[in-house]
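These notes concern the structure reproduced below.
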Protein chains: 2
Amino acid sequence: MQQRRGGNGGRVTISEVAERAGVSTATVSRVLSGRGQVSAEMRRRVQHAADALGYQVNSIARALRNSRTDTVGMVVPSITNPFFTSLVESVEHALGRDGKELFLCDAQSDPRVEARRLASLAARNVDGIIVSPSHGTESGPAVQETADRLPLVQLDRFVGGTDTDWVGVDDIAAMRQVIDHLHAGGARSAAFAGSRLTNSSSEQRLEGFRRRAADLGMAVRDEWILLGDYSVEWGEAAVAALAAAPGGPPDAIVCADDLIALGVTRACRAHRIDVPGRVQVTGFDNIEFARLGEPALTTVDQPRDRIAAEAVRLLAAAAGDAAPGPRAHIALVPRLVVRDSTRAGGPE
Amino acid sequence: MQQRRGGNGGRVTISEVAERAGVSTATVSRVLSGRGQVSAEMRRRVQHAADALGYQVNSIARALRNSRTDTVGMVVPSITNPFFTSLVESVEHALGRDGKELFLCDAQSDPRVEARRLASLAARNVDGIIVSPSHGTESGPAVQETADRLPLVQLDRFVGGTDTDWVGVDDIAAMRQVIDHLHAGGARSAAFAGSRLTNSSSEQRLEGFRRRAADLGMAVRDEWILLGDYSVEWGEAAVAALAAAPGGPPDAIVCADDLIALGVTRACRAHRIDVPGRVQVTGFDNIEFARLGEPALTTVDQPRDRIAAEAVRLLAAAAGDAAPGPRAHIALVPRLVVRDSTRAGGPE
DNA sequence: ATGAAAGCGCTAACAT
DNA sequence: ATGTTAGCGCTTTCAT
């Protein structure tokens with residue numbers, strides 16, 4: 001076992017390797033970083049010495065020198081939200097193909113924490129930042145400041161008043177599919193359970209819901225627009241409110257994400273409201289647990305791998321350019337996944 | 001808006017601040033890092049210049065100089081497993097109190113990926129590493145090598161043949177509680193649905209299950225020990241196997257984690273096996289979704305905040321010491337959470 | 001109290 | 001093809 005020494009953690013440096021191999025540090029560097037011309041013999045000797053000494057690069061030193069870290073930072077609103085973790089997984093895969101690593105931070109749904117995380121990622125010289133802003137307006141300043149310093153792309157959510165790349169889904173189009181499906185299943189009135197309008201997903205989804213419901217002449221009462229947060233608890237609370245109202249709940253409850261929908265279906269069971277018989281319910285995101293609900297959730301599947309790939313591509317492009325180039329806003333159209341919480345069968 | 005320049009991302013350095021304030025870089029450093037004696041006047045001037053220029057430390061440079069990064073690395077087997085994400089959340093909180101940040105990596109349940117992540121964390125000079133090893137034996141070499149270089153504590157899972165600190169739960173004691181509860185509910189035979197024995201949690205939990213079931217004279221047939229992976233799918237598959245066997249499933253199915261248990265209860269619904277009437281089911285971890293199962297899961301609640309706090313404490317202690325000191329293995333006794341997937345009511 | 005200067009480990013001109 | 005050397009941005013002796 002190796003003994004820990006010095007402030008360095010007892011790390012072997014290239015000069016030790018150089019000394020042992022009887023060459024200069026430059027040669028060692030050339031061999032180990034694989035750049036420049038070195039003879040086979042030198043290469044062998046250096047490699048041997050490095051192995052014998054158990055040399056590992058110090059990427060801090062390398063980063064200082066290169067001002068590149070091969071690391072991308074990512075900030076998500078909540079690491080316990082399964083949608084974001086699967087998005088993280090997709091991003092990691094996309095990054096892996098470029099030999100980059102991910103430095104993940106949790107904003108704890110708090111713009112102040114988020115601002116700290118962004119600053120600290122910038123201080124650590126990450127090569128780029130992927131952020132899903134936790135707040136629709138308050139996240140703005142920190143996101144913009146960060147974007148002014150290094151490549152940044154917003155993912156899924158978007159914060160107003162910022163000028164950056166963005167990749168996400170077309171919430172309006174998604175909601176159109178949802179409402180059409182519900183309507184085909186016989187729904188003539190609908191409620192919306194979302195989060196307080198502090199982020200773009202929620203806003204856009206509500207907007208899409210309103211628009212298409214109006215198009216189809218579906219009844220949407222003001223007291224059926226229920227805004228809380230992205231959580232199971234909130235879904236449960238929403239049903240309690242809906243059930244208590246005179247006339248009972250509408251024909252459908254459209255949820256802004258699957259967590260809420262899971263809470264809604266659970267509460268419906270508790271309140272003995274048949275789903276989808278009495279009320280149809282839809283989610284959004286298609287997290288793994290969506291299919292486990294009772295009944296399994298009809299929901300909108302987000303193309304996470306594609307979203308992640310586009311984000312990584314934009315970042316790489318931005319890193320290459322000297323000048324900031326024009327911004328891209330990429331909205332992918334998601335797909336409706338029909339399960340058992342809605343009455344299947346369209347017009348045909 | 002600021003323009004990006006140079007290889008540096010156009011960052012302001014202390015020499016620019018020094019020049020503007022008309023002082024030396026040493027003074028700037030003293031002011032900004034809050035160390036050393038500086039007159040109030042100087043402090044003011046430097047602070048002013050730094051603000052005007054929008055100075056932010058370059059933590060790469062600082063880290064190279066200090067060989068300290070105030071960052072802790074964490075590696076988990078799977079970032080999509082809700083148990084690990086909530087553990088991450090707890091660790092972040094604990095770290096936040098020390099002003100440290102977390103660099104989170106996903107091992108994708110693959111010891112080779114895990115080894116790469118560990119090496120890369122070490123290369124980035126994190127101050128310590130918290131790892132939940134993905135494999136019971138194959139994770140060994142990489143974990144030990146890393147532990148030889150810097151403070152490391154294993155969390156939750158433990159890999160054999162390593163000499164490091166560890167914090168987790170007492171799986172044997174936990175299983176004892178589970179089996180006693182099941183037995184009190186009338187179970188006289190039991191199956192175990194876990195993961196292949198490639199990690200300590202699974203091994204220990206099976207061991208605890210076997211021991212206590214034997215103590216109480218519960219029937220445990222070999223074909224009732226079902227080992228797959230920690231996933232909902234595996235839980236579903238396990239029930240299919242159990243239901244197909246002559247005589248049908250045993251009185252209880254003990255699961256090594258909640259994901260498996262969620263799959264088990266779901267499959268029981270599909271197979272019209274009443275839970276807890278015909279079969280009692282238990283989970284492990286108490287993830288958020290455990291209470292959402294149908295029926296809600298009886299499970300073992302892991303004291304995540306406590307586990308995280310102990311881990312951070314051990315890391316801090318190790319960072320302080322020059323010599324490696326004796327190892328600590330801290331096993332916390334978890335608490336059984338009784339819900340609807342078991343027949344409640346103990347002996348009394 | 002302040003400044004000059006060395007150096008953390010690495011890489012890339014620039015020599016040879 | 002290989003070596004010499006000058007820094008990347010910061011902190012910290014050591015002088016003054």
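Proteins get letters first, then strands, A, B, ... in listed order; numbering begins at 1 in each.
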> With sequence neighbours left out, which residue pairs that include part of residues 114-154 of chain A fulfil the ring-ring contact (aromatic ring centres under 6.0 Å, His included) condition?
Replying inline: none
> CG of Leu64(B) versus P of dA6(C): gap in Å, rounded?
Replying inline: 17 Å
>> I'd like to know if the side chain of Glu114(B) reaches the main chain of Ser134(B), judged simply by a donor and an acceptor atom lying under 3.5 Å from each other, with no hydrogens or angles considered.
In response: yes
>> What residues from residues 37-45 of chain B pass a heavy-atom cutoff of under 4.0 Å to DNA chain D?
In response: none
> Tell me, for nucleotides 11-16 of chain D in 5' to 3' order, what letter each nucleotide earns: B for a base near a protein heavy atom under 4.0 Å, S for only sugar-phosphate near one, - for neither?
Replying inline: BBB---
> To the nearest 10 degrees, what angle separates the axes at the start and end of the helix from dA1(C)-dT16(D) to dT16(C)-dA1(D), five pairs each?
Replying inline: 40°
>> Using whole Å, what does the distance between atom C1' of nucleotide dC10(D) and atom CD1 of Ile60(B) come to?
In response: 12 Å
> Residues two or more places apart in sequence or in another chain: which of them pass side-chain hydrogen bond (donor to acceptor under 3.5 Å, both in side chains) with Asp98(A)?
Replying inline: none
> Is Arg112(B) salt-bridged to Glu138(B), going by a charged N under 4.0 Å from an acidic O?
Replying inline: no
>> Salt bridge or not between Glu310(A) and Arg313(A)? Use side-chain N to carboxylate O under 4.0 Å.
In response: yes
> Which one of Arg327(A), Glu145(A), Gln154(A) satisfies the side-chain hydrogen bond (donor to acceptor under 3.5 Å, both in side chains) criterion with Thr162(A)?
Replying inline: Gln154(A)
>> Looking at dG3(D), I'd like to know if its phosphate oxygens (OP1 or OP2) sit under 4.0 Å from a side-chain N or O belonging to Ser24(A).
In response: yes
> Are any of the side-chain nitrogens in Arg124(A) or Glu101(B) under 4.0 Å away from the carboxylate oxygens of its partner?
Replying inline: yes
> Can you name the ring pair (Phe, Tyr, Trp, His ring centres under 6.0 Å) partners of Phe103(A), sequence neighbours left out?
Replying inline: Phe103(B)
>> Using salt bridge (Lys or Arg N to Asp or Glu O under 4.0 Å), reason through Arg44(B) and Glu41(B) one step at a time and then give a plain yes or no.
In response: CA-CA 5 Å; Arg44(B) 207 194 47 72; Glu41(B) 162 60 8; 3.7 Å; yes
>> Nearest 0.5 Å, please: how far is CG in Leu32(B) from OG1 in Thr27(B)?
In response: 10.5 Å
>> Rounded to whole Å, how long is the line connecting atom CZ of Arg124(B) with atom C1' of dG9(C)?
In response: 16 Å
